[in-house]
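For ligands, and for the atoms within them, numbers begin at 1 and follow the listed sequence. The figures here come from the full heavy-atom set of this structure, side chains too, leaving out hydrogens, waters and symmetry mates.
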Amino acid sequence: MMYDVVVIGAGLAGFSAALAASESGKKVIVVAQGMGNLYSASGYIDFLGYYPTTSSKPVLNPGKALEQLIVEKTDHPYARIGKENISRSFAAFIKASREMGLPYTGSLETNLLMPTAVGALVPTTLYPQSAEKDVVFSREIVVVGIKELVDFYPAYAAENLERQLGRKIRSVWVDLGLNVGRELNSYDLALTLEKPDIRNRLILKLKEADVQNKLVLIPAVLGVNRWQEVISEIEEKLQCQVLEIPTLPPSVMGYRLAQSFKLYLKKKGVEFIIGFPVSYVKCTDRRCEEVGIIANERVKKIKGYNYCLATGGILGEGLKVLPDEIKEQVFNLPIKKSKEQLLNDFFNSEGQPLSHAGVMVNDNLQPVNPQTQAVILTNVFVAGATLASYDPFVEKSGNGVALASGYKAGVLAAKGGFSDE
Ligand SMILES: Cc1cc2nc3c(=O)[nH]c(=O)nc-3n(C[C@H](O)[C@H](O)[C@H](O)COP(=O)(O)OP(=O)(O)OC[C@H]3O[C@@H](n4cnc5c(N)ncnc54)[C@H](O)[C@@H]3O)c2cc1C
């Protein structure tokens, strides 16, 4: 079987590449060692939260900040992708999210400030429609903690919010009386709250906490699959607004996006092999001919015309940090940062050098030699956290880069027929 596009990696970058390629009617397969970081992350698409990176003020108009970044940082993935392609990736993702039953909203022109589990307000660009609530201008906010849930302290979050918003924020604990003999994580609790009797207990406790006409900030545990039903029921019965706050991993909001996206791609005909790293590649004349995995002691060859490399950088295990170097795991591509830069630049105000390390690409996202700029593999397109020259944490751009670069890589891989340019 010959695939048009082989995507290596099942994180947001890989999914976005698979989406773009399948939209062009191509035969696509996703091959991955494991599920990507979406399961640990908030489910928000943070596009550009802080720029310049030395600024502590959040970016409110990411489109405008992007224009400045493209001029100032020509190696940055966003400069390689271009504003028009970024807008296309947003439109494609929003359309797909609606079709997958998890509608997202937002635009390149506005960042919304969203509360974290510790009550920090952080900028994000695309978010589930159910999270479109205005924390900054809401008159009355109540932060709710659930006794059975680990790692969420409502008073602490409320205190931090008070400091930023300059007004009193109330916090309450609710005890669902589950008596399970242990604390639950977000995923366990979200599954439990899909049961009508437990959900009713929560509604009763919230009623006692007097949340009518208030904005209720509550950890994201309001259902794994039936969250829309749970949120609407609380809002309707208590005449309040509900905003879920992403929790520490396992993140239910990230899980919802990862599961819905994967199912959607499967329905579009995208095939998946998950659970095995790519263990060898065959390349000739600067083209990848085949990748292989070893499953149940058997070699499985996967052949494609074009490939997207979306292996998630250091955190996704696509890049391995060794004592003397950083190694790209699939094609052994050269990495942009040298050992000296990594050691001497450790506290660079532009961001962590390890985050900036990665595969250098040209404007077609093909991997290039960092010294000569020559294209190394003409039918491979790199996306997501494996790319060099940005810091997802300092910029707050992790899922933004994954979405936009994945989309462009998928479009180019579907088109094919590239040489060096
Ligand atoms: C805990 C946490 C929270 C975060 N929160 C946010 C957030 O709130 N907002 C935000 O915008 N960003 C956030 N980020 C950053 C963001 O998640 C990443 O920047 C983004 O998900 C990267 O996507 P990716 O597809 O490039 O990589 P990943 O999601 O890491 O996916 C990489 C994929 O490649 C596969 N892979 C790796 N090596 C191989 C191999 N050799 N063979 C086959 N497959 C391989 C992996 O198994 C995986 O499927 C967070 C990151 C972490 C770790």
List ligand 1 atoms under 4.0 Å from Ala310, heavy atoms only on the residue side. 32 (C), 33 (C), 34 (O)
For Ala10, counting its heavy atoms only, list the atoms of ligand 1 lying under 4.0 Å from any of them. 33 (C), 48 (C), 49 (O)
Identify the protein heavy atom lying closest to atom 37 (C) of ligand 1, giving its residue, its atom name and the separation to 0.1 Å. Gly316 O, 3.1 Å
State plainly whether the residues Arg226 and Glu229 are in salt-bridge range, i.e. N to O under 4.0 Å. yes
Using a 4.0 Å cutoff against the non-hydrogen atoms of Gly318, which atoms of ligand 1 qualify? 37 (C), 38 (N)
So, does Gln366 use its side chain to make a donor-acceptor pair with the main chain of Thr378 at under 3.5 Å? yes
Checking heavy-atom distances from atom 5 (N) of ligand 1 to each of Ala41, Ala32, Ser16, the winner is Ala41
Atom CD1 of Ile8 and atom CD1 of Ile273: how far apart are they, to the nearest 0.5 Å? 11.5 Å
Could you tell me which atoms of ligand 1, counted from 1 in the order shown, lie closer than 4.0 angstrom to a heavy atom of Gly384? 26 (O)
Whether Arg88 side chain and Lys83 backbone form a donor-acceptor pair below 3.5 Å: no
Expected output: side-chain Glu328 to main-chain Gly358 donor-acceptor under 3.5 Å: no
Who's the nearest protein heavy-atom neighbour of atom 42 (N) of ligand 1, and how far? Val278 N, 3.0 Å
Which value, rounded to the nearest 0.5 Å, describes the distance between Phe47 atom CZ and Ser107 atom OG? 11.0 Å
Element-labelled atoms of ligand 1 that are located less than 4.0 Å from some non-hydrogen atom of Gly34: 46 (C), 47 (O), 48 (C), 49 (O)
Tell me which protein heavy atom sits closest to atom 9 (N) of ligand 1, plus the residue, atom name and distance to 0.1 Å. Asp46 OD2, 2.7 Å
To the nearest 0.5 angstrom, please state how far the CG atom of Leu60 sits from the OG1 atom of Thr110. 9.0 Å
May I ask which of Val401, Asn399, Leu248, Leu403 has a heavy atom nearer to atom 16 (C) of ligand 1 than the others do? Asn399
N or O contact, Asn37 vs ligand 1, cut-off under 3.5 Å: yes
Gln373 side chain to Pro370 main-chain N or O, any donor-acceptor pair under 3.5 Å? yes
Pairwise distance CG(Asn225) to CG(Leu102) - rounded to 0.5 angstrom: 11.0 Å
Heavy atoms only, cut-off 4.0 Å: how does Tyr44 contact ligand 1, side chain, backbone, both, or neither? backbone
Closest protein heavy atom to atom 8 (O) of ligand 1, given as residue, atom name and distance to 0.1 Å: Ser42 OG, 2.7 Å
Give the residue, atom name and distance (to 0.1 Å) of the protein heavy atom nearest atom 27 (O) of ligand 1. Gly312 CA, 3.1 Å
For atom 26 (O) of ligand 1, find the nearest protein heavy atom and state the residue, atom name and distance (0.1 Å precision). Ala385 N, 2.9 Å
So does Arg287 get a backbone contact from the side chain of Asp285, meaning a donor-acceptor N/O pair under 3.5 Å? no
Would Val411 and Phe381 satisfy side chain to side chain contact (heavy atoms under 4.5 Å, CB included), going step by step from the backbone distance to the final call? CA-CA 10 Å; Val411 167; Phe381 304 89; over 6 Å; no
In the protein, which heavy atom is nearest to atom 15 (C) of ligand 1, and how far is it? Gly398 CA, 4.2 Å
Quick check on contacts: which atoms of ligand 1 are under 4.0 angstrom from a heavy atom of Ile8? 43 (C)
With a 4.0 Å heavy-atom cut-off (strictly under), which part of Ala13 contacts ligand 1: side chain, backbone, both or neither? both
In terms of atom number and element, which parts of ligand 1 are under 4.0 angstrom from non-hydrogen atoms of Gln33? 38 (N), 39 (C), 40 (C), 41 (N), 43 (C), 44 (N), 45 (C), 47 (O)
Atom 35 (C) of ligand 1: the protein heavy-atom neighbour that sits closest, reported with distance to 0.1 Å: Gly9 CA, 3.8 Å
Heavy-atom pairs closer than 4.0 Å: do any link ligand 1 to the side chain of Leu12, the backbone, both, or neither? backbone
I'd like to know if the side chain of Asn85 reaches the main chain of Lys408, judged simply by a donor and an acceptor atom lying under 3.5 Å from each other, with no hydrogens or angles considered. no
Strictly distance-based, threshold 3.5 Å: is any side-chain N or O of Thr386 a donor or acceptor partner for the main-chain N or O of Val382? no
Give the atom numbers and elements of ligand 1 that come within less than 4.0 Å of a heavy atom of Ala402. 23 (O)
